[in-house]
Structure formats: C-alpha cells, structure tokens
Student: 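Okay, handing you the structure first.
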Amino acid sequence: MLIDTHCHLDLPPLFEQLDELLAEARAVGVAKWVVPSVHPDGWQRIAELAAQHPALRPAYGIHPLHADNVTAQHLQLLRQLAPAGIAIGEIGLDASYGNLEQQEALFREQLRIARLYGLPVLIHCRKAIGRTVAILREERADQVGGIMHAFSGSLESARECIKLGFVLSLSATLTWSNAVRPLQLAAQLPLEQLVLETDAPDLPPSAHPGCPNRPAWLHETASRLAAIKGISVAEVACRTTATALRILPQL
C-alpha cells in the first residue's frame, strides 16, 4: 500500500475527474491520500470530499501565499475546524513571495493551533529553511512533529528537521534529470525518515512533462526511490507507509 501524503484532490483539474483518478491510483497500489488546504475558501470542499471518500484524509491550514489576506475570523474558524483534520497544513514560509513578516506571524499562529490539538503539521518551505527551522524550534513544534512537504533542502537541513520530529517527503522531482538534492536525500536518509507525495496537480514526473500530475503517478516516484535504494517497490511501499502512519497517527 502506498500513501500519498500531499495531494490537492480538491483543485482542478483533479476535482472534476476524481472518481476516475482514484480508481486509476488504486490500481497501482495507492490506497490513501492526505488532502491539505491552501486557503480558507477550500476548507468546505475538502471536508465534503473527506466525508464522501474515507480514504481521503483532510488537513486544514493556510498557505503562506495567502498570508496578506488572513483575518482573525479565518484563524478562529481554523481553531474550530482543526480537530476534524489529521494535520494542520499546508503552512510555512516562502521567501519567493516577499512578505515574510506576515508569513511568519501566520506560521506561528498555526503552529500554536497544531500544538493546542496535538496535530502534526505539513510544512511548505521555499528559500527559507533557516527561518523555518528556527520558528519550529521556538514554537516547540517537536511536540507534534510532521512532514516537510516536497523537501528540497540540503542533507544538513534535513537532519535538523529530523531532530525536531519531522520526516521528509519526496515528490516526483526525484525523477527529474536535473535533480540533485532529492537524490542525495533519497540515497542517504533511511526510509524510516521518508514519505512519498505527488503534490498533484503540481510536480509531474519526468515522463509526463507539462501535464497535470495524477495520483497514480505516485508509483513512479516509489519506483525511482526503490531503484536508488536497491530494493523492491513493495518494500518502499511498506516502509514509507509505516513512516506515514507513525507521523500521521490519524491516517
């Protein structure tokens, strides 16, 4: 069994063909999906999908992209909705957007909500690993742990995150011809510290350039990881699933 720890099944074009895509993914061994939110406007749809499809597990949070538009009402609603999810996410920092002061304030608030309910967190981090790790320490995120989503940092940064109780999620960037750091992480970190994701509809495997990513293509990332480790896809599935269940106990 494979678990996709980060798949935006509520977003187009996936939402419009959800039944077909889930059947296609199940046919190659993908059995569960974590569906993280990016904006409060999406929370209701994710809740409805999770109610209709028990294999879809919701995570509620606000992406750093939307930090400038978050209100106190949004955060209060998140506090009320959070216990219905299995994690808080996706949350974090993204220096490519520029508004880091607002992002940091939102990040801290959401980490506090996670600690309030004992929920792990799904971390988005781009060009801000130093500040992200520092804030995780300051906000005592080691009390809840979580997943560093589509992690592309250095091995040293990865180990700092692991010390805080986090695991690293590998995406289809592992299949890209220009991949460097994902290959290093896959080769040098134990499977007990790794999980898999598609981030669909983003980050398609190298065999499908320019196409919206699909849930079934998680199998291609698992196959690449198996080749790097010199083990079977079945073992990759078994051990990364065990890691996912450990870090997300409500899965």
Side-chain angles (χ1 to χ4, degrees), residues 3 5-6 34 36 59 61-65 67 86-174 176 178-197 199 203 221 225 228-229 236 239-240 242-249 251:
I3 293 177
T5 63
H6 201 105
V34 179
I62 305 171
H63 192 286
L65 172 63
I86 67 165
I88 298 292
E90 70 185 272
I91 67 174
L93 300 178
D94 194 321
S96 64
Y97 301 138
N99 56 338
L100 280 175
E101 185 175 345
Q102 292 91 338
Q103 288 186 41
E104 288 194 11
L106 175 62
F107 188 24
R108 290 180 186 276
E109 286 293 335
Q110 294 186 100
L111 288 171
R112 291 165 189 170
I113 293 171
R115 285 180 47 239
L116 176 65
Y117 293 109
L119 289 169
V121 287
L122 311 177
I123 302 296
H124 173 106
C125 177
R126 185 185 299 168
K127 302 178 182 178
I129 188 62
R131 284 302 297 152
T132 298
V133 170
I135 291 171
L136 290 174
R137 285 198 189 104
E138 291 164 9
E139 296 296 336
R140 294 172 287 165
D142 59 311
Q143 294 181 7
V144 293
I147 297 173
M148 303 300 293
H149 144 62
F151 190 78
S152 60
S154 67
L155 188 61
E156 179 182 6
S157 297
R159 287 174 171 150
E160 289 301 311
C161 296
I162 290 168
K163 289 177 185 176
L164 290 170
F166 285 76
V167 299
L168 295 306
S169 181
L170 298 177
S171 69
T173 58
L174 199 64
W176 296 1
N178 62 348
V180 177
R181 283 181 168 176
L183 296 179
Q184 294 172 341
L185 296 170
Q188 298 192 46
L189 293 176
L191 287 173
E192 288 69 29
Q193 303 299 341
L194 298 174
V195 294
L196 301 176
E197 66 167 272
D199 197 26
L203 303 181
T221 301
L225 180 57
I228 292 168
K229 292 291 193 185
V236 164
R239 293 173 65 184
T240 58
T243 301
L245 294 173
R246 172 172 58 84
I247 208 74
L248 300 173
L251 261 175

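Just so it is clear, the model here is predicted, and its values are computed rather than measured.
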Student: Please round to the nearest 0.5 Å and tell me the distance separating atom CG of N99 and atom CG of L65.
Tutor: 8.5 Å

Student: For a 4.5 angstrom cut-off between non-hydrogen side-chain atoms, does L168 reach I162?
Tutor: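 They are in side-chain contact.
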
Student: Provide the closest heavy-atom pair for V34 versus A59 in the form atom of the first, atom of the second, distance.
Tutor: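 Taking V34 first and A59 second, the nearest heavy atoms are CG1-CB, 4.4 Å.
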
Student: Please report the closest heavy-atom contact between A114 and V144, naming both atoms and the distance.
Tutor: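 In this case the closest contact between A114 and V144 is O-CG1, 3.8 Å.
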
Student: So which heavy atom on S169 is nearest to which on L196, and how close?
Tutor: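 Between these two residues, the closest heavy atoms are OG-C, 3.9 Å.
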
Student: Looking only at heavy atoms, which two atoms of E197 and A150 are closest? And how far apart?
Tutor: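 The answer is OE2-N, 2.6 Å.
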
Student: Do any side-chain atoms of residues 180-194 form donor-acceptor pairs under 3.5 angstrom with protein atoms, and if so which ones, sequence neighbours left out?
Tutor:
residue : atom : partner : partner atom : Å
E192    : OE1  : R239    : NH2          : 3.3
E192    : OE2  : R239    : NE           : 3.3
E192    : OE2  : R239    : NH2          : 3.0

Student: Looking at CG of L116 and CG of L111, how far apart are the two atoms once the value is rounded to the nearest 0.5 Å?
Tutor: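 Taking CG in L116 and CG in L111, the distance rounds to 12.5 Å.
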
Student: Could you name each residue pair satisfying side-chain hydrogen bond (donor to acceptor under 3.5 Å, both in side chains) that touches residues 133-142, not counting sequence neighbours?
Tutor: R108-E138, R108-E139, R112-E139, R137-E160

Student: Under the side chain to side chain contact (heavy atoms under 4.5 Å, CB included) criterion, do V133 and K163 qualify, and how do the steps go?
Tutor: CA-CA 10 Å; V133 170; K163 289 177 185 176; over 6 Å; no

Student: Tell me, with the steps shown, if F107 and R131 meet side chain to side chain contact (heavy atoms under 4.5 Å, CB included).
Tutor: CA-CA 11 Å; F107 188 24; R131 284 302 297 152; over 6 Å; no

Student: Once you measure the plane-to-plane angle for H149 and H124, does it fall in the parallel (<30°), tilted (30-60°) or perpendicular (>60°) bin?
Tutor: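 Ring orientation, 0 to 90° scale: tilted.
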
Student: So how far is it from I91 CD1 to E109 CD, rounded to the nearest 0.5 Å?
Tutor: 11.0 Å

Student: Please round to the nearest 0.5 Å and tell me the distance separating atom CD of E101 and atom CG of L106.
Tutor: 13.0 Å

Student: Enter the distance from L122:CG to E90:CD here, rounded to the nearest 0.5 Å.
Tutor: 8.0 Å

Student: For the residue pair I88 and Q110, what are the closest heavy atoms and their distance?
Tutor: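 Nearest pair, atom of I88 first, then Q110: CG2-O, 4.1 Å.
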
Student: Nearest heavy-atom pair of F166 and I147: which atoms, and what distance?
Tutor: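 Taking every non-hydrogen atom into account, CD2-N, 3.7 Å.
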
Student: With side chain to side chain contact (heavy atoms under 4.5 Å, CB included) as the test, would you mind laying out the steps for V195 and F151 before giving the verdict?
Tutor: CA-CA 10 Å; V195 294; F151 190 78; over 6 Å; no

Student: According to side chain to side chain donor-acceptor pair (under 3.5 Å), who are the partners of S171, at least two apart in sequence or on a separate chain?
Tutor: T173

Student: Measuring from L93:CG to R126:CZ, what's the distance to the nearest 0.5 Å?
Tutor: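 Spacing of CG (L93) from CZ (R126) equals 12.0 Å.
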
